[in-house]
Every structure is written in structure tokens, then in C-alpha cells.
Asker: 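Have a look at this one.
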Amino acid sequence: MRSEPGVHNGPFFRPVALCFIFDADADASGAGSDARPVRRVLLGLKKTGFGTGRIVALGGKLEPGESAAQAAAREVFEEAGLRVEGGDLTFLGTVTWDFPARPDFNMIGSIFRAERYTGALDASDEVDPEWFPEDALPWDGMWEDAALWVPLVVEGEPFTASITLKDDNEGVETAVVKTSR
């Protein structure tokens, strides 16, 4: 029996859903008829809760009875004011985060991307959303493990990742990232 993406039956991993929204910014491409739009990805500065002060993907925990895709769409709306329809979400894979020093932080995340959305970008109490060029992501402000798997999201490459954090709950102790290649 297959379980839904992001649902882990183990007792210590909380299911979460993350969504990366992509678009093209025609204004950032520069002058000239041959200029191509710059592709951007929506991230946000976390203002409260887990990850405060970091630049993160939009997302959060699943509510009871909610699918990972439903959670991703809900979180995008709650955190950034944008609406994403379930059919516009592409499931790319899962990331498992193991925090040996703080097992209550353990998570398994369903990772989605979308290139269609409606609405106007709006900050929330939890996140200040901001567009970043996909080739200039703010790695220094993100979790250390992001550099290991977010490039796969940018490329649209299906993957799985298992990350074990150091005792400081920030650095990466071990990481296994597998793609379909």
C-alpha cells in the first residue's frame, strides 16, 4: 500500500509541505528585444516560529485530514496571499529532517513547485515573502541543508533527501540526496 507524499507513519516525524512558486520577471530582464525574462522563486523571511530569522520556502504542517498538496496551497495563501490550485502543484519528492538532539523537531516534508498562481503578494504575521532570481538564491540566509536539494527543485528534478542535523540543530551531520537520474 502506497502512502500519500509527505505522510510518514513513524511516531517521530511530523508531516509538512513546502511549496516553491516560480515566475518570470519581465522587468528584471533589462532593455533590448532579445532580453529574456529572469525566472524568480518566491521565498520568505520567517518572522515567527520554527526557523525564525531564516529565509525559507513557504509551507508548514499538515492539518488533520489535509493532503500534502492541500497543505502546500493553504500555506502559500496564509503566508504570502497567493492562491495555487492543486492541479498547478507539481510534487517533486520528500525531504526527511532528523534532529537527534531535538526529536520533537523531526519532519518529513513533501516538496512541491508551481508556476501558476493568482492574487497579490502580501506579507503575513509569519513570513515576509520576497522574489529571488533562481540563479541568485540567498544561501547565506537559508538552512545549511537547502543547498543540497533546493537546486533540484529549481531544475524540476524529482528527488528524495534524508538530512540528519548536528547537535546544534543547524549544521548538517549527514545527507543523502537521490535523484531519478
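In this text the structure is predicted, and so the values were computed from the model without any measurement. The residues of the chain are indexed from 1 along the displayed sequence.
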Asker: Over all heavy atoms of both residues, which pair between Pro138 and Met142 is shortest? Give the atoms and the distance, please.
Answerer: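 So the minimum-distance heavy-atom pair works out to O-CG, 3.3 Å.
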Asker: Are Asp104 and Arg102 ion-paired here, with the side-chain N under 4.0 Å from a carboxylate O?
Answerer: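 The answer is yes: the pair qualifies as a salt bridge.
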Asker: So which heavy atom on Ala68 is nearest to which on Ser110, and how close?
Answerer: CB-OG, 3.5 Å
Asker: Output the distance between atom CZ (Phe99) and atom CZ (Phe13), rounded to the nearest 0.5 Å.
Answerer: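 The CZ atom of Phe13 is 10.0 Å from CZ of Phe99, to the nearest 0.5 Å.
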Asker: Going through the checks in order, is the side-chain hydrogen bond (donor to acceptor under 3.5 Å, both in side chains) test met by Asp145 and Trp97?
Answerer: CA-CA 9 Å; Asp145 68 278; Trp97 292 277; 3.0 Å; yes
Asker: What do the steps show when you test Phe159 against Lys178 for side chain to side chain contact (heavy atoms under 4.5 Å, CB included), and what is the final call?
Answerer: CA-CA 5 Å; Phe159 71 97; Lys178 296 179 182 178; over 6 Å; no
Asker: Please lay out, stage by stage, how Leu43 and Val56 fare under the test side chain to side chain contact (heavy atoms under 4.5 Å, CB included).
Answerer: CA-CA 6 Å; Leu43 302 171; Val56 299; over 6 Å; no
Asker: May I ask you to test the Ile163-Val95 pair for a side-chain heavy-atom distance under 4.5 Å?
Answerer: yes
Asker: Is a salt bridge present between Glu126 and Lys47, judged by a nitrogen-to-oxygen distance below 4.0 Å?
Answerer: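 No, no charged N to carboxylate O under 4.0 Å.
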Asker: Relative to each other, are the rings of Trp143 and Phe50 parallel, tilted or perpendicular (30° and 60° limits)?
Answerer: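 Because their plane-to-plane angle is under 30°, the rings of Trp143 and Phe50 count as parallel.
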Asker: When rounded to the nearest 0.5 angstrom, what is the spacing between CG in Leu42 and CG in Leu121?
Answerer: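 CG of Leu121 is found 5.5 Å from CG of Leu42.
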Asker: Kindly give the heavy-atom pair with the smallest separation between Ala146 and Pro151, and that separation in Å.
Answerer: O-CD, 3.7 Å
Asker: I'd like to know whether Thr179 forms a side chain to side chain contact (heavy atoms under 4.5 Å, CB included) with Leu152, so could you lay out the CA-CA distance, the side-chain angles of the two residues, the decisive distance to 0.1 Å, and finally the verdict.
Answerer: CA-CA 8 Å; Thr179 67; Leu152 297 169; 3.7 Å; yes
Asker: Which pair of non-hydrogen atoms, one from Trp149 and one from Leu18, has the smallest distance, and what is that distance?
Answerer: CH2-CD1, 4.0 Å
Asker: Side chains of residues 77-93: which donor-acceptor partners sit under 3.5 Å, not counting sequence neighbours?
Answerer:
| unit_1 | atom_1 | unit_2 | atom_2 | d |
| --- | --- | --- | --- | --- |
| Glu78 | OE1 | Arg74 | NH1 | 3.2 |
| Glu78 | OE2 | Arg74 | NH1 | 3.3 |
| Glu79 | OE1 | Gly59 | N | 3.0 |
| Asp88 | OD1 | Arg116 | NE | 3.4 |

Asker: Passes side chain to side chain contact (heavy atoms under 4.5 Å, CB included), Tyr117 versus Asp23? Steps please.
Answerer: CA-CA 9 Å; Tyr117 61 88; Asp23 85 344; 3.0 Å; yes
Asker: With distance as the sole test, does Arg113 use its side chain to make a donor-acceptor pair with the main-chain N or O of Val154 at under 3.5 Å?
Answerer: yes
Asker: Please determine whether residues Ile55 and Trp139 belong to a single hydrophobic cluster, defined as Ile, Leu, Val, Met, Phe, Trp and Tyr linked transitively by side-chain heavy-atom distances below 4.5 Å.
Answerer: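 Yes, one cluster joins them.
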Asker: Would you check if Glu115 and Arg39 make a side-chain contact, meaning some heavy-atom pair closer than 4.5 Å?
Answerer: yes
Asker: Distance-only, no hydrogens or angles: does the Lys166 side chain make a donor-acceptor pair with backbone N or O of Asp168 under 3.5 Å?
Answerer: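 Not a single qualifying donor-acceptor pair exists.
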Asker: Before accepting this row, confirm whether a basic side-chain N of the pair Glu130/Arg40 lies closer than 4.0 Å to the acidic partner's carboxylate O.
Answerer: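 Arg40 and Glu130: not salt-bridged.
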Asker: Rounded to the nearest 0.5 Å, how far does CG of Asp98 lie from CE of Met107?
Answerer: 10.5 Å
Asker: Is the number of heavy atoms from other residues, nucleotides or ligands under 6.0 Å of Asn169 CG greater than 12?
Answerer: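 Yes, enclosed.
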Asker: Suppose we screen for side-chain hydrogen bond (donor to acceptor under 3.5 Å, both in side chains). Which residues come up paired with Thr174, at least two apart in sequence or across chains?
Answerer: Thr164
Asker: Taking all heavy atoms of Pro129 and all of Ala123, pick out the closest pair and write down the distance.
Answerer: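 What the structure gives for the nearest pair is CD-CA, 3.5 Å.
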Asker: Roughly how far, to the nearest 0.5 Å, is OG of Ser162 from CG of Leu148?
Answerer: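 If I round to the nearest 0.5 Å, the distance is 11.5 Å.
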Asker: What's the shortest heavy-atom distance between Trp131 and Ile21, and which atoms?
Answerer: CZ3-O, 3.5 Å
